[in-house]
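Order of the sequence lines fixes the chain letters, A, B, ..., with proteins taken first and strands second; residue numbering starts at 1 for each chain.
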Amino acid sequence: MKNWIKVAAVSDIPTNGGACVKVADLQIAIFNFSKENRWFATQNLCPHKKEMVLSRGLIGSDQNRPKVACPFHKKTFSLEDGSCLSGEDYTIQTYPVKIENEMVFVEV
Amino acid sequence: MEKILVIGNGMVGYKFCEKFVAKGGLNSFRLTVFGEEDKRAYDRVQLSSYFTNPDFNSLALSSENWYEDQGVELLLNDKIIAVDTVKKQVTSESGLIRDFDKLIIATGSSCFIPPIKGMDKEGVFAYRTIDDLDAIIAYSKTCKTAAVLGGGLLGLEAAKAIKDLDLEAHVVEFAPRLMPRQLDTAGATLLREKIEASGVQIHLSKSTKEISGNGSIEGLSFNDDTFLKVDMLVVSAGIRPNDMLGKVMGLTLGDRGGIVVDNTLETSIKDVFAIGEVALFDGMIFGLVAPGYEMAEVLAHNLLSEDTQFFSAPDLSTKLKLIGTEVGSFGDALSEAQGDSYPIIYQDSLKGIYKRINICKKENILLGGVLVGDTSSYGMLLQMTLNKMKLPETPSSLITPATTEGATGLSVVDLPDDALICSCENITKEGICNPIKEGEAISLNELKKCTKAGTGCGGCIPMINELIEATLQSLGKDVKKYICEHFTYTRQELYSLIQVKSYKSYASVLDNLGKGSGCETCKPLVVSLLASIWNDLILDNNNDTAQDTNDRFLANIQRGGTYSVVPRIPGGEITPDKLIVIGEVAKKYDLYTKITGGQRIDMFGASLSDLPMIWETLIAAGFESGHAYGKSMRTVKSCVGSSWCRYGVQDAVGFAIEIEHRYKGIRSPHKLKSAVSGCVRECAEAQCKDFGIIATEKGWNLYVCGNGGAKPQHGSLLAVDLDRATCIRYIDRFLMFYIKTAEPLMRTSKWIHTLSGGIDYLKEVILDDSLGICADLERQMQHHVDSYICEWKDVVETPSKRSKFTHFVNSSQEDSTIEFVPMRDMKMPKPWESS
Ligand code: SRM
Ligand SMILES: Cc1cc2nc3c(=O)[nH]c(=O)nc-3n(C[C@H](O)[C@H](O)[C@H](O)COP(=O)(O)OP(=O)(O)OC[C@H]3O[C@@H](n4cnc5c(N)ncnc54)[C@H](O)[C@@H]3O)c2cc1C
Ligand code: SF4
Ligand code: FES
């Protein structure tokens, strides 16, 4: 069953950047596109070398599709569907996010 | 639904599945694949890399779940042992029976094992599968020497692998030269010299009589009564198609094996096809993967479409790097075609370069050729051959070194429209130029997206770049090096705009000059410009999330997501007390310590949340950030100089320390390194630095634009016998000029080649102030020096910045996935997973 889980305050997540939250044993990366006022959440694990680092990657857009670049080898992933935009056969898990009363919720 | 059954899950079998799925084949067919190996298809071409990185995943051709996700049935570790072409059924070793409507045989080939006495001894291996490699690696632990039987392409690659396993390596070849199928005698001789110089011993014209040894191999006895003592033998003497099934099914086979196929890849029985290294087309087995991929494409297309495509004999040209030596062989390399073909040969034994082209005088075209030691002209020569292009007036100019760059007089523009540029994706010159002309693409990335060109092996990318530039130019468009899709400016333009408009944050630059949300290319670039121009702290003005991870957390991210800590140790000089502090910090936080190549100490394995505490201690002891994470000044190496060394003529350490303090923290297009040597003996290696100084009796000589790293280059002498103040003034000007004008991520050593006039021009600008900008450059540098603040000191003292150094924002726990393993007397991160 899926639940909306309160994971952090909006102010905990840096503007135009990402941060990692812990939900039980799961590590989830939350991304805040402050300029566009959009939020995304994905797994924190980079599928390439299995490093827990996606939240520390640079976010941005690829033809208006929001993406994150892994800080290790700069493979990029769509934040909308988790597909790998640098042409490799990886997919990352994405999670729905919502903001209520200045708190960030993730559906897990 | 009709059923397609593929026997063999190797490179070509997989490619067929990929193409078939991509063309929507699963809408009308069910697809089942049987593979004898216990692993899903992997990249055999890169097999040798497994010796240095035994990670199956980096070789796998698809993700683990690809087959399942697509709905392809994959049955591994199960060999097909019988086929009934009447009932249209196959039987596998494990007893599975499957029906098919169409059967595709992609069983590849095996190593040919010559019938030599003693081949069954322990320690003799084939070289084809990951299982072979695992066995070789395991056995090599007990060996000191090993030989490879066969001096062709694969044999030489195997020899390199053996060398990488730290064994003494030998290559035994029956023919009188290496790579007898691709190289002529002179080319092969040069290759042999180069390979022997790298430590692999080559034995030519050797026919092996027997593999001797008692149970396990002890050596090779040759027919000329010589003997080579070795502990292991890897056989790479050619391939034999795996055509057993074809034989029992009664398919037509070639005299020397291989399942005969026609130009639709159908065998002698209807609805049975063969592709890859098992298929014999036009009397040939192609031992390369590209023709196999082409077969997969043609077959997948024909099964799904009405308009039939035909397979035709492929071009077997190759370009590769063998044990560090570049080798290329194209077209009719050995000039075997009869008639009026004559060779032109260029040889420079000193540089180790041999080039030969075969010319057809009558038609005035290129037939083929051989390149050893320098394959930079391979792409162009191959194109000329394939397209039968007319030769320039002096054909020898094609291979003799050009006096100035690009003087061969040939460019991609001269190629015919249907010249194949990207052979992986089958894209012609026209296919690349049209989208540019129609405005669909103006950059390599856009072109990759709309055409897929350059997305395979990448070998064609230099040509594609040339085509883009030439096409844009022909359209009268300014060929600008735009940063990325978010900014239609060059780095230099952005630099001026930021300066004039006084933007201080990435957000304001993007809002005013760019579009979209930015990306990993423009973000670090813009914040680096902001830092170069204003020298504000790099984490201020909300710029932290636009910094690369390393700059955002002021430390280098390393395996496991831990960070390294590098305090500045100017000139490499350090007091015993400071050494003790480093020791104590490393001990307390359990960090791996190493003396770096930059004359300082690196501590590895710090967790994100420990970084502020570590730096608090270091700063209290008088250390500062070493900026090892930034595109900024790294180290100024020094030698002890006149204070201790009996040859020293000036105080090298003192000068190095002064310089390191002056430029520390400065942000630049790429990192900056320097060194100061106390005399001409040059112990500090100043000539391989971005700027380096060597003491003379009268003062200091200043060298610029040297580089170690990937493409070493000696620095050029900018000025001689300078006093310290003048030397610093010149460096100020030099660095500021570089920072303002270089392309992103371009070291000084490359930048100097972008200045027309090179070092002479640089002398005019910096020594004679030919542009009249030197006063400005000096003022800007002085601003940098005056406004320097240690970034780490600022973080340690600023609680709001300090609190950002945590792995989770909602928990104070550490990342539990980080694991270490012991190494010598310290530790290292657990190596990357292999499966
Ligand atoms: C630690 C050290 C190796 C060592 O164990 O000795 C090292 C380690 C790294 N080097 Fe280096 N280099 C180190 C000396 C060198 C040297 C030797 C020197 O400086 O005298 C060179 C050749 C000289 C030169 O740069 O001209 C060198 C040429 C490179 C290059 C290639 C640069 C090039 O122009 O080709 C890279 C890649 C890059 O910067 O893009 C690189 C990149 C790296 C990175 C940053 C790669 C990375 O992102 O993880 C490594 C990070 C280490 C860390 O976590 O702190 N490192 N690296 C040395 C640190 C020196 C220091 O105290 O700061
Ligand atoms: C070390 C090495 C380096 C190479 N380097 C290059 C290079 O640089 N450039 C290049 O172009 N080519 C290179 N090649 C050649 C290239 O790997 C082959 O051309 C390519 O793998 C052929 O693909 P294939 O699918 O036909 O055969 P394979 O990749 O051999 O696959 C055939 C598969 O079928 C399986 N099989 C066989 N019989 C059965 C059965 N009865 N039932 C079920 N499964 C079966 C086999 O186990 C195997 O997994 C290299 C090869 C090797 C070994
Ligand atoms: S050479 Fe430099 S970049 Fe390469 S592994 Fe060694 S330290 Fe890392
Ligand atoms: S670990 Fe993420 S790109 Fe390599």
*Asks:* Check each atom of Phe553(B) against the heavy atoms of chain A and say whether the ones under 4.5 Å are side chain, backbone, both or neither.
*Replies:* side chain
*Asks:* Which heavy-atom pair separates Pro524(B) from Leu58(A) by the least distance, and what is that distance?
*Replies:* CG-CD1, 3.7 Å
*Asks:* Using every non-hydrogen atom in the two residues, find where Val21(A) and Phe808(B) come nearest and quote the distance to one decimal.
*Replies:* C-CD2, 3.7 Å
*Asks:* Could you name the residues of residues 65-72 of chain A that have a heavy atom within less than 4.5 Å of a heavy atom in chain B?
*Replies:* Lys67(A), Ala69(A), Pro71(A), Phe72(A)
*Asks:* Specify the closest pair of heavy atoms between Ser61(A) and Cys519(B), including all atoms of both residues, with the distance to one decimal.
*Replies:* O-CB, 4.3 Å
*Asks:* Determine the minimum heavy-atom distance between Val809(B) and Ala8(A), stating which atoms define it.
*Replies:* CG2-CB, 4.3 Å
*Asks:* For Asp511(B), is it the side chain, the backbone, both or neither that has a heavy atom under 4.5 Å from a heavy atom of chain A?
*Replies:* side chain
*Asks:* Can you list the steps and then say if Ile818(B) with Met52(A) is a side chain to side chain contact (heavy atoms under 4.5 Å, CB included)?
*Replies:* CA-CA 9 Å; Ile818(B) 299 180; Met52(A) 277 292 185; over 6 Å; no
*Asks:* Where on Ser811(B) is there a heavy atom nearer than 4.5 Å to chain A: the side chain, the backbone, both, or neither?
*Replies:* side chain
*Asks:* Give the minimum heavy-atom separation between Gln27(A) and His807(B), together with the two atoms involved.
*Replies:* OE1-NE2, 2.8 Å
*Asks:* Nearest 0.5 Å, please: how far is OG1 in Thr521(B) from NZ in Lys74(A)?
*Replies:* 8.0 Å
*Asks:* Donor-acceptor pair, Lys22(A) side chain versus Asp815(B) backbone, under 3.5 Å?
*Replies:* no
*Asks:* Which pair of non-hydrogen atoms, one from Pro14(A) and one from Thr545(B), has the smallest distance, and what is that distance?
*Replies:* CB-CG2, 3.6 Å
*Asks:* As an exercise: rank Asp62(A), Asn44(A), Val23(A) by heavy-atom pairs under 4.5 Å with chain B and give me the winner.
*Replies:* Asp62(A)
*Asks:* Between Ser63(B) (side chain only) and Tyr90(A) (backbone N and O only), is there a donor and an acceptor less than 3.5 Å apart?
*Replies:* no
*Asks:* Which residue out of Glu485(B), Lys515(B), Arg559(B) racks up the most heavy-atom pairs below 4.5 Å with chain A?
*Replies:* Glu485(B)
*Asks:* Do you know which of Thr76(A), Asn16(A), Val53(A) has the most heavy-atom pairs with chain B at a distance under 4.5 angstrom?
*Replies:* Asn16(A)
*Asks:* I'd like to know whether CD of Glu440(B) has more than 12 heavy-atom contacts from other residues, nucleotides or ligands below 6.0 angstrom.
*Replies:* yes
*Asks:* Run the side chain to side chain contact (heavy atoms under 4.5 Å, CB included) test on Asp55(B) and Lys49(A) for me, step by step, so that the C-alpha distance in whole Å, both residues' side-chain angles and the decisive distance to 0.1 Å come before the verdict.
*Replies:* CA-CA 11 Å; Asp55(B) 171 15; Lys49(A) 290 288 183 185; 3.7 Å; yes
*Asks:* With Ser517(B), which of Arg38(A), Lys35(A), Glu36(A) fulfils side chain to side chain donor-acceptor pair (under 3.5 Å)?
*Replies:* Glu36(A)
*Asks:* How about CD on Glu80(A), more than 12 heavy atoms from neighbouring residues, nucleotides or ligands closer than 6.0 Å, or not?
*Replies:* yes
*Asks:* How long is the span from the CG atom in Asp69(B) to the OG1 atom in Thr91(A), to the nearest 0.5 Å?
*Replies:* 7.5 Å
*Asks:* With a 4.5 angstrom heavy-atom cut-off, could you sort out which part of Asp548(B) is near chain A: side chain, backbone, both or neither?
*Replies:* both
*Asks:* Just give me the residue among Ile28(A), Asn64(A), Thr15(A), Ile13(A) that pairs up with chain B most often, heavy atom to heavy atom, under 4.5 Å.
*Replies:* Thr15(A)
*Asks:* Can you say whether Gln813(B) sits under 4.5 Å from chain A via the side chain, the backbone, both, or neither, judging by heavy atoms?
*Replies:* side chain
*Asks:* So for atom CG, which belongs to Asp81(A), do other residues, nucleotides or ligands contribute more than 12 heavy atoms lying within a distance under 6.0 Å?
*Replies:* yes
